[in-house]
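Order of the sequence lines sets the chain letters (A, B, ...), proteins ahead of strands, with each chain counted from 1.
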Amino acid sequence: MKLSAIGMGRLLRFSSALIVLGLAVEIISLLWFHPLAFVLFAFVGVALIALGILVYLASLVFAVPSAHGNGSSS
Amino acid sequence: MFGLVEILIALIALTIVLAVFFLVYPAATAGPTGKILAFAALFVLPALCVAGGINEHMRRSEQTSFCISCHAMEPYGRSLYVDDPSHIPAQHFQNHRVPADMACYACHADYTIYGPFKDKLAGLRRVYMQYVSTPPKVIEISGGYSNLQCLHCHAGARGFEENPVHMALMDSLKSNQMSCLSSGCHDTVHAIPTLGQAKFWSPVQ
C-alpha cells in the first residue's frame, strides 16, 4: 500500500494530536485527587494515547513501501 | 525536592513539547534524526508516560484518603476514629496494625494473583453506582468479607494461632466456612448505623 507524502503527514499530525490530548488528560488526572481521576485516566487518557501510538505505528508500516520507492514487499 | 509525580509530569510535559513539534512540522521525520526523534516522541515516551500514570494511579488508589474521598465512603472513614477497641477497623487503624495511610486497602484488597485487577473492576462498579446508577442504602461486600483478608496477616501469628477459640475453629476459619466476623466473635466492624452515638478519638497532631 502506498500513501502520499500528504497522507503520511496527516497521519503523523493525527497521531501527535491524539498523544498531546491524551497526555493533557493524564496531567489533569494526576493533579485531581478523586476516584473519577482514575476513570478519566484509564478510559480517556490511555485510550487517546494508545490510539495515537497505533496511528504512528500505522504510519511507519505505510512508510516502508514509499521508502523503497515501490509498493512491493521484499 | 521532586517526587515521582513531579518527575512524571515533567516527562509528560517534555513528551507534549516533542509531540507538538511533530504536529506542527511532520516533515521533520524525513531525515534519520527526525525519524528517531519521532519514534521517541510518539512511541517510547508516551508508552513510558502511560506506564508511569498506571503506576501512580494504582499507588494512589491504595491510600485511605483516596477511598474516603467518595461521598458514600465518608462514614466509613469516620468509623476508623471510633474510640472503642471492640470496633475492629478502628482498633487496627488507631494502633497501626495496618498502615494508617493504606488502612482500607490493607483489609479490603484481594491478596491473590489477579486480586488488584479484580479490585479495580469492583471499584469501577462502585463508581458506576455512585455516578450513573443509585448507590445502595446499605453498602455490602459482594460475597461477604473473606477470612483470607484477616489471615493474610494473622495466620502464623502466635497470638492468633495459640488462642484456644481460634485453635478449636482453625479449620473452619481457614476454609472460610465460619466468618471471623461471626456473631459473638469480631462482629463489630464499621457499625455505620450507630456512628451517631459513638465517641471519637482525636489523634494528637
Side-chain angles (χ1 to χ4, degrees), chain A residues 1-70, chain B residues 3-6 8-30 34-35 38-54 56-58 60-61 63 65-73 120 123-124 126-128 130-132:
Chain A
M1 182 184 280
K2 252 184 175 179
L3 282 182
S4 66
I6 296 168
M8 285 297 305
R10 273 188 185 163
L11 277 181
L12 274 175
R13 278 200 167 124
F14 187 49
S15 159
S16 304
L18 285 171
I19 287 172
V20 168
L21 269 176
L23 291 173
V25 168
E26 184 175 346
I27 286 187
I28 293 167
S29 79
L30 287 171
L31 298 176
W32 184 27
F33 194 87
H34 193 272
L36 279 184
F38 174 77
V39 177
L40 180 74
F41 168 72
F43 290 100
V44 183
V46 172
L48 286 170
I49 296 170
L51 194 61
I53 290 174
L54 282 177
V55 170
Y56 167 67
L57 292 178
S59 82
L60 285 185
V61 173
F62 293 134
V64 172
S66 60
H68 289 285
N70 59 41
Chain B
L4 282 177
V5 180
E6 285 78 13
L8 180 60
I9 289 176
L11 182 70
I12 294 171
L14 171 73
T15 313
I16 287 177
V17 169
L18 289 171
V20 166
F21 174 76
F22 288 106
L23 178 67
V24 179
Y25 304 109
T29 54
K35 281 187 169 64
F39 185 71
L42 304 176
F43 181 74
V44 179
L45 289 175
L48 269 177
C49 291
V50 167
I54 290 170
E56 172 56 22
H57 277 285
M58 292 297 276
R60 189 180 283 191
S61 65
Q63 292 178 7
S65 51
F66 177 89
C67 302
I68 60 175
S69 66
C70 246
H71 179 68
M73 284 292 123
K120 281 282 158 289
L124 287 175
R126 286 179 197 126
V127 168
Y128 175 82
Q130 174 74 27
Y131 293 101
V132 183

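Of the atoms belonging to A/Leu30, heavy atoms from both backbone and side chain fall under 4.5 Å from chain B. With a 4.5 angstrom heavy-atom cutoff, A/Leu18 does not touch chain B via any of its atoms. Of the atoms belonging to B/Ile12, heavy atoms from both backbone and side chain fall under 4.5 Å from chain A. The contact between A/Ile49 and chain B is made entirely by side chain atoms (from C-beta outward), counting heavy-atom distances below 4.5 Å. For A/Tyr56, the part lying near chain B is the side chain, with the backbone staying farther off; criterion is any non-hydrogen pair under 4.5 Å. Contact annotation for B/Val20: both backbone and side-chain heavy atoms come within less than 4.5 Å of a heavy atom of chain A. For chain B, no part of A/Ala50 is nearby; none of its heavy atoms comes within less than 4.5 Å.
In this structure, the separation between CZ on A/Phe38 and CD1 on B/Ile54 is 8.0 Å, given to the nearest 0.5 Å. The distance from the CD1 atom of A/Ile27 to the CG atom of B/Leu8 is 8.5 Å, given to the nearest 0.5 Å.
By number of non-hydrogen pairs under 4.5 angstrom with chain A, the leading residue of B/Tyr25, B/Phe43, B/Phe22 is B/Phe43. Most heavy-atom pairs under 4.5 Å with chain B, from the set A/Leu57, A/Leu12, A/Leu36: that is A/Leu36.
Proximity of A/Val55 to B/Leu42: side-chain heavy atoms (C-beta onward) are nowhere separated by under 4.5 Å. Side-chain contact between B/Glu56 and A/Phe41: absent, with no pair of heavy atoms (C-beta onward) separated by less than 4.5 Å.
Each of B/Ile9, B/Leu14, B/Ile16 was scored for a side-chain contact (heavy atoms from CB on, under 4.5 Å) with A/Leu23, with one residue passing: B/Ile16.
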